[in-house]
Amino acid sequence: KVKGTKMKKSIDTLITDVYDVLVKGYDQTEDNDKVIDTFGDNLKDLLRSRLSPRQKGGAVLRLSAIGKPSRQLWYDYKGYPKQELTGDQLLKFLYGDIIEEILLTLAKLSGHSVTNEQHSVKVAGIKGHMDAVIDGHVVDVKSASPFAYKKFSKGSLPFDDPFGYLQQIAAYSEGVPNNEGVAFWAMNKVDGSLTLYQPSEDVLPDTQERVDELHKVLAEDEPPVRCYDDVLDGKTGNRKLAMGCVFCDFKKTCWADANGGEGLKAYKYAAIPFPIYLTETVKEPRVDEIDIA
């Protein structure tokens with residue numbers, strides 16, 4: 001090591017180095033103090049942005065969305081009504097943005113290279129904004145529930161990716177020439193655990209192929225087939241939405257023919273963090289039915 005220079009860090013030590021900063025503290029240099037000042041400024045800008053009146057506009061295809069199921073995108077593109085975001089959902093999104101700022105700042109303070117933050121890219125004619133490049137790797141930062149966190153920590157995302165994260169990060173990667181790979185940096189927002197999942201190239205979809213497919217789908221007058229079939233709800237005989245449909249904004253429209261044409265029925269259980277949506281009700285649940293916005 002030459003005096004006055006820094007050793008180049010590897011993304012493989014990112015999590016260990018971040019935890020070291022939290023335990024031992026950061027090097028109080030002028031550059032690092034500027035990093036902390038920038039963090040404060042970014043939080044102010046973030047809060048202003050999230051708390052500004054929401055503007056409604058037409059649906060625009062973005063790189064962050066192209067991995068979502070085609071039927072869901074078709075409803076959005078055609079202007080079908082969707083669920084209004086609630087206060088708790090908006091707070092969750094704000095919390096996720098703050099976590100992203102915290103982690104990227106900790107990466108910088110631990111000596112890792114962080115560039116291209118919210119960098120604009122355009123791939124296959126579609127625009128998007130990536131999270132960052134860390135140590136040459138295109139990185140998407142995720143704050144996750146304990147259940148979702150396992151997809152990253154166990155590397156099972158290629159087998160269960162309802163939000164199209166792999167398609168999204170593949171597109172960002174194509175927009176950053178000569179990068180060294182891609183990675184999801186996820187934090188379990190309950191216990192603070194961190195994991196780094198680096199998917200191999202063979203599980204990353206091709207962006208141009210997906211965009212060409214979507215152009216055909218969105219030009220049709222009728223929606224494509226449903227993204228997921230409904231599933232049995234235990235031993236009740238009832239059928240419910242699959243997990244991939246539970247968080248979709250268009251489930252009410254998409255499943256309007258459920259329950260013999262009455263539409264979906266929703267029930268909230270105390271032990272489950274989201275409602276159960278029944279498509280076929282053989283046995284009425286012993287909890288109150290709730291409205292679907």
Side-chain angles (χ1 to χ4, degrees), residues 9-27 32 35-36 38-40 42-43 46-47 50 64 67 88-118 130-170 172-173 179-200 203-204 243-244 246-247 269-274:
K9 293 263 187 172
S10 165
I11 198 171
D12 297 330
T13 66
L14 177 63
I15 293 174
T16 301
D17 293 339
V18 163
Y19 282 148
D20 279 347
V21 166
L22 289 166
V23 172
K24 302 174 183 177
Y26 75 104
D27 291 335
N32 280 343
V35 167
I36 292 176
T38 300
F39 168 73
N42 288 346
L43 285 188
L46 175 59
L47 198 58
R50 281 292 186 184
S64 58
D88 56 338
Q89 290 173 320
L90 291 169
L91 180 57
K92 179 178 68 174
F93 296 151
L94 173 61
Y95 180 42
D97 288 342
I98 292 172
I99 287 176
E100 178 184 329
E101 288 291 343
I102 291 172
L103 291 183
L104 292 178
T105 299
L106 289 172
K108 296 172 189 175
L109 294 175
S110 64
H112 289 264
S113 168
V114 180
T115 61
N116 295 57
E117 292 176 78
Q118 291 303 308
M130 57 183 293
D131 284 350
V133 171
I134 300 180
D135 301 325
H137 293 72
V138 175
V139 174
D140 207 1
V141 180
K142 300 293 185 187
S143 59
S145 67
F147 176 80
Y149 180 81
K150 291 179 181 179
K151 295 182 183 182
F152 302 106
S153 63
K154 296 184 179 297
S156 62
L157 191 64
F159 312 103
D160 186 10
D161 187 19
F163 300 109
Y165 291 152
L166 287 170
Q167 182 76 72
Q168 178 182 351
I169 203 168
Y172 294 152
S173 176
N179 67 76
E180 297 182 29
V182 301
F184 292 97
W185 189 14
M187 175 181 141
N188 182 328
K189 54 190 175 185
V190 173
D191 66 8
S193 299
L194 296 173
T195 191
L196 195 71
Y197 169 51
Q198 297 175 255
S200 57
V203 301
L204 298 180
M243 280 300 298
V246 168
F247 299 104
Y269 292 82
I272 304 176
F274 47 82

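Both backbone and side-chain heavy atoms feed into the values below; hydrogens, waters and symmetry mates do not.
In this structure, the side chain of N116 does not engage the main chain of V133 through any donor-acceptor pair within 3.5 Å. Counting only distance, with no hydrogens or angles, the side chain of K150 and the backbone of S156 share no donor-acceptor pair below 3.5 Å.
Taken to the nearest 0.5 Å, the CG atom of L104 stands 10.5 Å off from the OG1 atom of T115. The structure places CZ of F93 at 10.0 Å from OG of S143, a figure rounded to the nearest 0.5 Å. D161 contributes atom CG, which lies 7.0 Å from atom NZ of K151 (distance to the nearest 0.5 angstrom). Taken from CD1 in I99 to CG in L94, the straight-line distance is 10.0 Å, to the nearest 0.5 Å. Note that the CG atom of L204 and the OH atom of Y172 stand 14.0 Å from one another [nearest 0.5 Å]. Within the model, atoms OG1 of T105 and CG of L43 stand 7.5 Å from one another, a figure rounded to the nearest 0.5 Å.
Contact check for L103 versus L194: side-chain heavy atoms found under the 4.5 Å cut-off. Using a 4.5 Å cut-off on side-chain heavy atoms (C-beta onward), T13 and H112 make contact. Y197 places none of its side-chain heavy atoms less than 4.5 Å from the side chain of Y165. The closest side-chain heavy-atom distance from Q198 to I11 is below 4.5 Å. Contact annotation: the side chain of S110 never approaches that of D20 to less than 4.5 Å [non-hydrogen atoms, C-beta and beyond]. At a threshold of 4.5 Å between non-hydrogen side-chain atoms, the residues D131 and V139 do not count as touching. At least one side-chain heavy atom of M243 sits less than 4.5 Å from a side-chain heavy atom of F274. The side-chain heavy atoms of L109 and I36, taken from C-beta on, include a pair separated by under 4.5 Å.
In this structure, K189 fails the cation-pi test against Y95, since its NZ or CZ atom is not both closer than 6.0 Å to the six-membered ring centre and inside 45 degrees of the ring normal.
Across all non-hydrogen atoms, the minimal contact from V138 to S173 is CG2-CA, 4.0 Å. Between P162 and G244, the shortest heavy-atom distance links the atoms CB-CA, 4.1 Å. A144 and A148 make their closest contact through CB-CB, 4.0 Å (heavy atoms, listed as atom of the first residue, atom of the second, distance). For S10 against D135, the heavy-atom pair with the smallest separation is C-OD2, 3.5 Å. In terms of heavy atoms, Y19 sits closest to G192 at OH-O, 3.1 Å.
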Donor-acceptor pairs are to be reported for all side-chain atoms of residues 180-188 against protein atoms at under 3.5 Å, with residues two or more places apart or in another chain.
from	atom 1	to	atom 2	distance (Å)
N188	OD1	V190	N	2.9
N188	OD1	D191	N	3.4
N188	ND2	D191	OD1	3.4

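Annotation: salt bridge (charged side-chain N to carboxylate O under 4.0 Å, His left out) contacts involving residues 91-112, sequence neighbours excluded, comprise R50-D97, K108-E117.
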